[in-house]
Amino acid sequence: MSIMNSLSPERGLRVLVTAGASGIGAAVARAFSEAGARVHVCDIDGLAIDRLVQALPGVTASVADASVERDVDLVFKDVAGNLGGLDVLVNNAGIAGPTASIEDISASQWERTVDVNLNSQFLFAKRAVPMLRASSSSPCIVAMSSVAGRLGYAYRTPYASTKWGVIGLMKSLAIELGPFGVRVNAILPGTVEGERMDGVIAARAAATGIDTEAMREQYLRKISLRRMVTADDVAATALFLSSPAARNITGQAISVDGNLEYL
Ligand code: NAD
């Protein structure tokens with residue numbers, strides 16, 4: 001196949017998406033499934049999983065907390081049974097963590113954010129690597145970081161710390177696994193439009209006594225393109241990174257954020 005015709009992943013690619021039942025993970029699962037990949041997702045929310053597998057026939061799923069080692073073992077048992085191997089790991093699980101000044105953040109809030117956002121990526125990568133090394137389909141890991149993985153983020157210190165940690169893990173694994181043909185990249189989404197962002201804007205507007213539309217303007221003013229991104233924009237980048245066209249892209253932190261200039 002010519003490199004110019006290779007912007008989609010190969011059909012039949014075996015893909016695992018963590019926290020794939022809703023949000024960005026579900027958009028990624030849908031995009032891969034529609035491109036002809038075989039997709040397995042895991043998620044902590046069983047009801048959201050039920051909805052996803054109904055909407056995307058052929059996609060298989062496990063209920064699991066991505067930060068709990070025995071749950072991760074069960075996910076890989078299901079992956080081995082359902083997919084028989086793995087070509088792409090999308091390490092997507094992540095939570096916002098607390099929004100507070102450092103002296104008001106509890107150790108348990110800090111630890112939970114590290115567990116879900118960073119430790120889960122270790123637990124999944126550790127188990128995926130032997131399978132990826134056995135793949136002959138330009139295997140890769142796509143790690144979900146954030147704009148908070150390249151900029152500081154006041155009052156969101158646990159979140160920003162974990163998202164910078166994801167970059168360190170990605171860059172180190174790219175060097176470690178490159179000789180075996182396994183690529184590792186990170187996607188850094190910016191402000192993703194949708195109900196959740198509407199809620200964040202409304203809450204911040206109420207808290208500061210500013211009109212909601214004025215607050216939305218404040219958010220957009222930080223973005224060079226003056227618009228938010230969609231979950232599908234992020235999914236399209238994950239597809240590209242898993243396609244033959246990206247066969248020489250590894251160790252990269254790729255922003256999908258319209259160029260968010262500051263947080
Ligand atoms: P989300 O809050 O919509 O959650 C997506 C899914 O994660 C849900 O189905 C939820 O049940 C699942 N989940 C939560 N905790 C889990 C756990 N411990 N184990 C397994 N599943 C769990 O998330 P999102 O906004 O789609 O974000 C996905 C990733 O993208 C995260 O890593 C996030 O940090 C990152 N990100 C999101 C944005 C954004 O604006 N939405 C921006 C930058 C980065």
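Each ligand, and each atom within it, is numbered from 1 in the order the structure gives. Values below: every heavy atom of this structure, side chains too, minus hydrogens, waters and symmetry copies.
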For this session: Would you check ligand 1 and list the protein residues that come within less than 4.0 Å of it by any heavy atom, ordered by chain and number?
Result: A19, S22, G23, I24, D43, I44, D45, A64, D65, A66, N92, A93, G94, I95, R112, V116, M144, S145, S146, Y159, K163, P189, G190, V192, R196
Seminar exercise, completed: Nearest heavy-atom approach of L89 to A128 is CD2-CB, 3.8 Å
Exercise. If you draw a 6.0 Å radius around CZ in R204, do more than 12 non-hydrogen atoms from other residues or ligands fall strictly inside?
Worked result: no
Exercise. What class does the angle between the rings of Y159 and Y153 fall in, given that below 30° is parallel, 30 to 60° is tilted and above 60° is perpendicular?
Worked result: perpendicular
Exercise. Should the pair R127-E69 be classified as a salt bridge under the 4.0 Å nitrogen-to-oxygen rule?
Worked result: yes
For this session: Indicate yes or no: does D65 engage R112 in a salt bridge with an N to O separation below 4.0 Å.
Result: yes
Exercise. Is there any side-chain hydrogen bond (donor to acceptor under 3.5 Å, both in side chains) pair reaching into residues 222-241, and which pairs are they, with sequence neighbours excluded?
Worked result: S224-N259, S224-E261, T230-D233
